[in-house]
Peer 1: 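Before anything else, here's the structure in question.
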Amino acid sequence: MPEEPRAFRHFPRVPVENAVLVRTLGAEGPEVMAMTRTVSSGGCMFVYQERVGVGTSVELLISLPGRVIKAQGRIVWENERASGEVEVGVEFLRINPEDRRVLEATIATAAFKKR
């Protein structure tokens, strides 16, 4: 019998639209610009014109208010929209402590505004 999905997320997501530069690690792929749609302290989701590839290691430069943060992660899921765009889910694997602090402050502010 298949396991039921969890009713909660380990890292709550907040809707945040920020520019993000995505660079594939370990490959000669292009750097691409996209927009985040949701962000959490554990990852983000951005929308792009094509698939990046589940399992792909990426480096992200995310533009937050007053600062650009850098994170390394991997693509954990992709969903194609009816429009042909692809929602890309990224799990953060490495982010320095100062950038994490800025990210978490941004998330807290966005979550507060959402209320």
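Heads up: numbering here begins at 1 and tracks the sequence. Hydrogens, waters and symmetry mates play no part in the numbers below; they use all other heavy atoms, side chains included.
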Peer 1: Quick one: pull up CD in E31 and CZ in R23 and give me the separation to the nearest 0.5 Å.
Peer 2: 6.5 Å
Peer 1: Yes or no on side-chain contact (heavy atoms from CB on, under 4.5 Å) for L93 and R74, after CA distance, side-chain angles and deciding distance?
Peer 2: CA-CA 7 Å; L93 300 175; R74 70 181 171 94; 4.2 Å; yes
Peer 1: Say whether V102 and L21 are linked into one hydrophobic cluster, either directly or through other cluster members, by side-chain heavy-atom distances under 4.5 angstrom.
Peer 2: no
Peer 1: Mind checking whether E98 and R67 have side chains closer than 4.5 Å, heavy atoms only?
Peer 2: yes
Peer 1: To the nearest 0.5 angstrom, please state how far the CD atom of E85 sits from the CG atom of N79.
Peer 2: 13.0 Å
Peer 1: Do F92 and S40 make a side-chain contact, defined as non-hydrogen atoms from C-beta onward lying under 4.5 Å apart?
Peer 2: no
Peer 1: Is there side-chain contact between M33 and V20, with heavy atoms separated by less than 4.5 Å?
Peer 2: no
Peer 1: Could you give the distance from CD (Q72) to CD (E91), rounded to the nearest 0.5 Å?
Peer 2: 13.0 Å
Peer 1: Under a 4.5 Å cut-off applied to non-hydrogen side-chain atoms, are E17 and R37 in contact?
Peer 2: yes
Peer 1: Any sub-3.5 Å donor-acceptor pair from T36's side-chain atoms to N18's backbone N or O?
Peer 2: yes
Peer 1: State, yes or no, whether a side-chain contact exists between I107 and V16 at a heavy-atom distance under 4.5 Å.
Peer 2: no
Peer 1: Heavy-atom distance under 4.5 Å between the side chains of Y48 and M35, does that happen here?
Peer 2: no
Peer 1: So do the side chains of K70 and L60 get within less than 4.5 Å of each other, counting heavy atoms only?
Peer 2: no
Peer 1: Tell me, do S41 and R100 make a side-chain contact under 4.5 Å, heavy atoms counted?
Peer 2: yes
Peer 1: Heavy atoms only: give me the nearest I95-D99 pair and the separation to one decimal.
Peer 2: CG1-CB, 3.8 Å
Peer 1: Could you check L103 against V39 for side-chain contact (heavy atoms from CB on, under 4.5 Å), going step by step and ending with a plain yes or no?
Peer 2: CA-CA 9 Å; L103 176 64; V39 177; 3.4 Å; yes
Peer 1: Minimum heavy-atom separation for S63 and V68, please, with both atom names.
Peer 2: CA-CG2, 4.2 Å
Peer 1: Minimum heavy-atom separation for V88 to I75, with atom names?
Peer 2: CG1-CD1, 3.4 Å
Peer 1: Which pair of heavy atoms, one from V54 and one from E78, lies closest together, and at what distance?
Peer 2: N-OE1, 3.9 Å
Peer 1: Could you state whether V86 and F46 fall into the same hydrophobic cluster, counting links through intermediate Ile, Leu, Val, Met, Phe, Trp or Tyr residues with side-chain heavy atoms under 4.5 angstrom apart?
Peer 2: yes
